[in-house]
Amino acid sequence: MIPRFRFAPSPTGGLHIGTARTALFNWLAARSVGGKLILRIEDTDIKRSTAAYEKSIIEDLKWFGLDWDEFYRQSERNWIYQRFARELLDENKAYRCFCTPERLEDLKKRQYAEGMMSKYDNRCRELSGGEIEKNLKEGKKFAIRFKVEDGKEIKFCDLIRGEISFRSEVIGDFIIIKSDGTPSYNFAAVVDDGDMKITHVLRGEDHITNTARQILLFKSLGFSLPSFAHISMILGKDGSKLSKRHGATTISQFREEGYLAEAIGNYLSILSWAPRDGEEIFGIRDIMGKFKIPDISKSPAIFDVDKLKWINGIYIRRKSTEELARLCTPYLIKEKIIDKKDLGNEKVMSKIVKGASALRDNLKVLNEFPQYIKDLFREKIAGYSKDAVEILTLDTSAVVLQSFLGRLESELKSFDNNQDIDFNEEKSKNLINMIGESLKELKIKGKFLYMPIRVSITGKTHGPELPRVISILGLKNCIQRVNQTLEYIKNNKL
RNA sequence: GGCGCAUUCGUCUAGUGGUCCAGGACAUGGCCCUCUCACGGCUAAAACAGGGGUUCAAGUCCCCUAUGCGCUACCA
């Protein structure tokens, strides 16, 4: 028998990072043993579910690199829930409950006040045939409740946690069909897991308690029990449930901020699971054979953005320059550093490629790209930082800048007037070396050589390697900027 | 309140009774590389929640307490 796993999101929001991890683990577990993965949309809550969320969840799952073998939507399967509910009704394992929401609310309040666990008081359990008939005739709305016998022990062996048991009296008769005719979560899930012949239920820890109810249903419905495994929750930095307060929580938010699918998959894999060899950097496909459900950690995990960033940086460094440039471009548009119509402009595009190559090692998240590169897209220097001004104040700096400017100008002359000037890294490097050579006698070298040059074309003391900066800016812009800096020195009498 | 689950460095984890004065990774500090920032390399500091058992021996097994989280819906 081939193992069958399922992933069952409800489309009441985007794909949450925790839900994505559950999806990933199901995928990993299924693919590791050659099993099938079923995607099931649990949209029985007609008030909160939307088609838009469903679409976004599916898109995110695909972007994430997951695939599945079968697809179902619970809202299209109502007839089957009705059929099984009818069966339970006929077998006297379930009954119609005519209690109003108000009465139930009241009951709950009273029980809570007495310090008791809230639980249905079984009022409609023993309604006579006549009373039911009468209520039905009056058109009273009803829900269908499942009978839970007291005094039973419900046990199951969780693949991750070991044996877990509950006593049936803490459960109470629960609703399987709501008064609007839709099935409740516990019922729909069990009917589907049974009907779809699911062998492994791998889901979030928040379902442990539900498992007790569901086991009762599996048995009453005559289905064989699947194996259960409950994955711990993902918590925020402060130990509370991960929420908007902690930053991005859905896959699409992470994608928009500039996290790579590979990085998220990798990070989520090592959150609650560790390969035997201790290696932390791997693709989700690399661990397919190694992933074992019992190895999943029991304790909750705090989501560490810093570690995700570290991993994201690693995958960014593995990208080709062209691919990285392509990935970074949308962020440039978003920050209005370039315009959409620049996408066809070869000069702009080559500048982005050069920038991507220069900044690859600095990037941790794609959306950091604009802040690093924006200065190099301007015509002029926007301003000089404090430590940059200090560099300019040095006596030797003026000498270096004159020499630099001279070199740039003579270099420019070597090109024909209307020729497209591509001043690459190699040439930039040579140019700097030549300056160094000519200033050797003055013993200007190292920091005293490079820093004034850097400051004169960027206004800052930090940035990518100098030859790269020069190459990105191009000869003309460099000349313009050095002149601007010379002007600045003069005006401020540095 | 009831029930359930969890608890190893700040964080993620390795550890399945002796090889653990507890190993790795992120983050942090220092050093090296280096024009700077990063990258890379080296290094330092940093943990078995507390208390009882069981055992020759406990991070590892059992019990209690504490703390955190989840469920306690005609949400999923």
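In this text the structure is predicted, and so the values were computed from the model without any measurement. To find a chain, count down the sequence lines: A is the first, B the second, and so on, and within it residues start at 1.
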* Any salt bridge between A:D238 and A:R245, counting N to O under 4.0 Å? -> yes
* Does the base of B:C5 carry an N or O that pairs as donor and acceptor with the side chain of A:R161 under 3.5 Å? -> no
* Asked: Quick one: A:K237 NZ to B:U11 P, roughly how many Å, whole number?
  -> 9 Å
* Whole-Å P distance, B:U28 and B:U16 -> 32 Å
* Distance, P atom - from B:C61 to B:G1, rounded to whole angstrom -> 29 Å
* Atom-to-atom span, CD of A:E279 to C1' of B:A14 - whole angstrom -> 14 Å
* Which part of the nucleic acid, if any, lies within contact of A:S232, taking any heavy atom under 4.0 Å across all strands shown: a base, the sugar-phosphate backbone alone, or nothing? -> nothing
* Considering only the C1' atoms, how many Å lie between B:C39 and B:C33, rounded to the nearest integer? -> 10 Å
* Counting only distance, no hydrogens or angles, is the base of B:C71 paired donor-acceptor with the side chain of A:T209 under 3.5 Å? -> no
* Asked: Hey, does A:S272 reach any base, or is it just sugar-phosphate, or nothing, if we go heavy atoms under 4.0 Å?
  -> sugar-phosphate
* Assert yes or no for the condition that the ring centre distance of A:Y384 to A:Y488 is strictly below 6.0 Å. => yes
* Structure fact -> To the nearest angstrom, the CG-C1' distance between A:N186 and B:U72 comes to 12 Å
* Across the strands shown, which category fits A:L466 at heavy-atom distances under 4.0 angstrom: base, sugar-phosphate, nothing? -> base
* Any ion pair linking A:K237 and A:D304 (charged N to carboxylate O, less than 4.0 Å)? -> yes
* Salt-bridge contact A:R77-A:D195 (side-chain N to carboxylate O under 4.0 Å) -> yes
* Please evaluate the base of B:A27 for a donor-acceptor partner in the side chain of A:K307 within a cut-off of under 3.5 Å? => no
* To do: Tell me what A:H230 touches on the nucleic acid: a base, only sugar-phosphate, or nothing, going by heavy atoms under 4.0 Å.
  => nothing
* How is A:I175 classified with respect to the nucleic acid when contacts are heavy atoms under 4.0 Å: base, sugar-phosphate, or nothing? -> base
* To do: Could you check how far CG of A:D361 sits from P of B:C33, rounded to whole Å?
  => 19 Å
* Structure fact -> Closest to the 5' end of RNA chain B, once A:R213 and A:V170 are matched to their nearest nucleotides, is A:V170
* How far does the C1' atom of B:C62 sit from the matching atom of B:C21, given to the nearest Å? -> 27 Å
* Asked: Taking atom C1' of B:G4 as reference, at what distance in whole Å does atom CD1 of A:I171 sit?
  -> 11 Å
* Structure fact -> By nearest-heavy-atom nucleotide on RNA chain B, the more 5' of A:P300 and A:K141 is A:P300
* To do: Can you tell me, in whole Å, how much space there is between the P of B:C75 and that of B:U67?
  => 34 Å
* Structure fact -> A:N210 atom CG is separated from B:G4 atom P, nearest whole Å, by 15 Å
* Structure fact -> Note: A:L376 and A:R481 closest approach over all heavy atoms is CA-NH2, 4.2 Å
* Asked: If you take atom types as modelled and just measure distance, does the side chain of A:N362 reach the base of B:C37 with a donor-acceptor pair under 3.5 Å?
  -> yes
* Electrostatic pair A:D106:A:R103 at N-O distance under 4.0 angstrom -> no
* To do: Write down the distance separating the P atoms in B:G41 and B:G53, rounded off to the nearest Å.
  => 49 Å
* Asked: Taking the P atom of each, how far is B:U36 from B:U43, in whole Å?
  -> 24 Å
* Between B:U54 and B:U11, how far is it from one C1' atom to the other, in whole Å? -> 34 Å
